Engineer: 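Handing you a structure now.
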Amino acid sequence: MFRRVLGKTLGFVGYTIQYGCIAHCAFEYIGEFVVCSGPSMEPTIINHDVVFSERMSRHLCKIQKGDIVIAKSPYDPNMNICKRVIGLEGDKVCTSSPSDLFKTHTYVPKGHVWLEGDNLRNSTDSRSYGPIPYALIRGRVCLKVTKYIDIYNIKKTANVSFCNIRKLVTTRSHVYGF
C-alpha cells in the first residue's frame, strides 16, 4: 500500500517537473504574452494591451530598426520596458527632444541599441538613459491580442489580430512604457 502511494506520488512529481521544464523553455526561448502599461508607445500600443513577444529574434541577432522590443529597464532590472528600436550599433541618432531648437546627435556604440517610445513627448527612453546593451532585450513584439472581434479578419480568428511586426513588444509579467 505504502509503495503504491509513494510510486504514484513520485510519478506525479516527475511529470510536474517535466512539464515545468517544458514551460520554462517555452517562455525563455519561444515567447510569452505580456500586458503593456503606460503611455510611451501610444498610439501603437495603448495601456493594458496584450502582446506576444517572441524570443528567437533576440537569440539569432535579428532585431532590426523599427522593431518593437521588450527590454529590461536600465534603471530597474526588475522592470521591463516596451520601446521601438530606432538605431543599431554604428547608427547616428538624434538625442534631442522634439521641441529642442538645436538638434544633437550621437553614434550608437557596438553591442548597443537606441530605443524610443512612439509617444516622444511622454516617454522615458534612450534620450534619457542612453543606448542600452543588446543583452537587455528580452524579445520582439510580433502579435497584438485585441479586446474586440476583428470584423475585417476573413479567417474569423476571433480576438487575435496580427500587427505589423515592426510595431510592438513584451515580458513575462508586466511591461511598463514610461
Side-chain angles (χ1 to χ4, degrees), residues 27-100 102-147 150 160-178:
F27 286 129
E28 190 62 31
Y29 298 105
I30 296 173
E32 62 189 341
F33 287 96
V34 178
V35 177
C36 296
S37 298
S40 73
M41 286 303 294
E42 290 179 355
T44 308
I45 299 174
I46 58 173
N47 203 19
H48 303 298
D49 271 354
V50 178
V51 296
F52 181 77
S53 172
E54 59 89 12
R55 303 278 177 96
M56 295 307 294
S57 293
R58 174 187 69 149
H59 293 297
L60 299 174
C61 299
K62 298 288 186 186
I63 301 294
Q64 300 173 355
K65 280 192 226 178
D67 287 347
I68 295 176
V69 297
I70 302 290
K72 289 287 183 188
S73 170
Y75 291 144
D76 181 3
N78 295 322
M79 188 170 68
N80 292 297
I81 57 173
C82 177
K83 306 290 180 192
R84 186 178 303 278
V85 177
I86 300 299
L88 301 170
E89 60 184 41
D91 289 346
K92 183 179 179 181
V93 293
C94 179
T95 59
S96 307
S97 66
S99 60
D100 290 346
F102 298 103
K103 303 296 181 193
T104 57
H105 296 84
T106 190
Y107 287 95
V108 180
K110 185 174 177 77
H112 289 70
V113 294
W114 190 269
L115 302 178
E116 291 183 7
D118 287 354
N119 186 354
L120 293 176
R121 297 191 190 283
N122 198 2
S123 177
T124 302
D125 46 36
S126 287
R127 293 172 295 148
S128 303
Y129 45 71
I132 69 158
Y134 194 87
L136 289 182
I137 295 176
R138 303 280 297 150
R140 180 177 61 96
V141 175
C142 62
L143 177 72
K144 179 178 177 182
V145 180
T146 61
K147 296 176 179 128
D150 187 2
V160 178
S161 171
F162 290 95
C163 293
N164 185 341
I165 290 178
R166 298 175 186 264
K167 292 186 178 177
L168 299 171
V169 176
T170 135
T171 200
R172 185 164 299 165
S173 56
H174 216 73
V175 174
Y176 299 90
F178 292 98

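All values derive from a computational prediction rather than experimental measurement.
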Engineer: Which atom names give the shortest non-hydrogen contact between I45 and C82, and what distance separates them?
Structural biologist: CD1-SG, 3.8 Å

Engineer: Main chain of T104, side chain of T95: is a donor-acceptor contact present, judged purely on distance under 3.5 Å?
Structural biologist: yes

Engineer: Please lay out, stage by stage, how S123 and K83 fare under the test side chain to side chain donor-acceptor pair (under 3.5 Å).
Structural biologist: CA-CA 9 Å; S123 177; K83 306 290 180 192; 3.2 Å; yes

Engineer: Would you call R140 and E54 a salt bridge, taking side-chain N to carboxylate O under 4.0 Å as the test?
Structural biologist: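 So R140 pairs with E54 through a salt bridge.
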
Engineer: Show the numbers, then the answer: is there a side-chain contact (heavy atoms from CB on, under 4.5 Å) between E42 and N122?
Structural biologist: CA-CA 9 Å; E42 290 179 355; N122 198 2; over 6 Å; no

Engineer: Considering residues, nucleotides and ligands other than K110, do more than 12 of their heavy atoms fall under 6.0 Å from its NZ?
Structural biologist: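 No - once you tally the heavy atoms of other residues, nucleotides and ligands closer than 6.0 Å, there are 12 at most.
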
Engineer: Looking at R55 and R138, would you say the former's side chain and the latter's main chain have a donor-acceptor pair under 3.5 Å?
Structural biologist: yes

Engineer: Does some side-chain heavy atom of H48 sit less than 4.5 Å from a side-chain heavy atom of S37?
Structural biologist: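 Contact flag for S37/H48 side chains = yes.
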
Engineer: Y107: which residues meet the ring pair (Phe, Tyr, Trp, His ring centres under 6.0 Å) condition with it, sequence neighbours left out?
Structural biologist: none

Engineer: Counting C-beta onward and ignoring hydrogens, is there a side-chain heavy-atom pair between K65 and L88 closer than 4.5 Å?
Structural biologist: yes

Engineer: For the residue pair I86 and E116, what are the closest heavy atoms and their distance?
Structural biologist: CG1-CB, 3.6 Å

Engineer: Look up atom CH2 in W114 and atom CG in D91, then write down how far apart they are to the nearest 0.5 Å.
Structural biologist: 11.5 Å

Engineer: Is any side-chain heavy atom of K72 less than 4.5 Å from a side-chain heavy atom of N80?
Structural biologist: yes

Engineer: Do the side chain of S126 and the main chain of G130 share a donor and acceptor less than 3.5 angstrom apart?
Structural biologist: yes

Engineer: If you take all heavy atoms of G87 and V93, which pair is closest and at what distance?
Structural biologist: CA-CG1, 4.0 Å

Engineer: Are the side chain of D67 and the backbone N or O of Q64 linked by a donor-acceptor pair below 3.5 Å?
Structural biologist: yes

Engineer: Not counting sequence neighbours, which residues clear side chain to side chain donor-acceptor pair (under 3.5 Å) with S128? List them please.
Structural biologist: none

Engineer: Taking all non-hydrogen atoms of both residues, which atom of N47 and which atom of G38 are closest, and how far apart?
Structural biologist: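 Closest heavy-atom pair between N47 and G38: OD1-N, 2.9 Å.
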
Engineer: Taking all non-hydrogen atoms of both residues into account, name the closest pair between I30 and F52 and its distance.
Structural biologist: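 Result for this residue pair: O-CZ, 4.4 Å.
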
Engineer: Decide yes or no for S40 and D125: does some side-chain heavy atom of the first lie under 4.5 Å from some side-chain heavy atom of the second?
Structural biologist: no

Engineer: Search all heavy atoms of L115 against all heavy atoms of A71 and return the closest pair with its distance.
Structural biologist: CD1-CB, 4.2 Å

Engineer: Report the residues that fulfil side chain to side chain donor-acceptor pair (under 3.5 Å) with T106, sequence neighbours left out, ordered by chain and then residue number.
Structural biologist: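 By the side chain to side chain donor-acceptor pair (under 3.5 Å) rule, T106 matches no residue at all.
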
Engineer: With a sphere of 6.0 Å drawn around OH of Y75, does it hold more than 12 non-hydrogen atoms of other residues, nucleotides or ligands?
Structural biologist: yes

Engineer: Do R127 and L120 touch side chain to side chain, with heavy atoms closer than 4.5 Å?
Structural biologist: yes

Engineer: Do V145 and F33 come within less than 4.5 Å of each other through their side chains, counting heavy atoms only?
Structural biologist: yes

Engineer: Looking at CD1 of I46 and CG of N119, how far apart are the two atoms once the value is rounded to the nearest 0.5 Å?
Structural biologist: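 Rounded to the nearest 0.5 Å, the CD1-CG separation comes out at 12.5 Å.
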
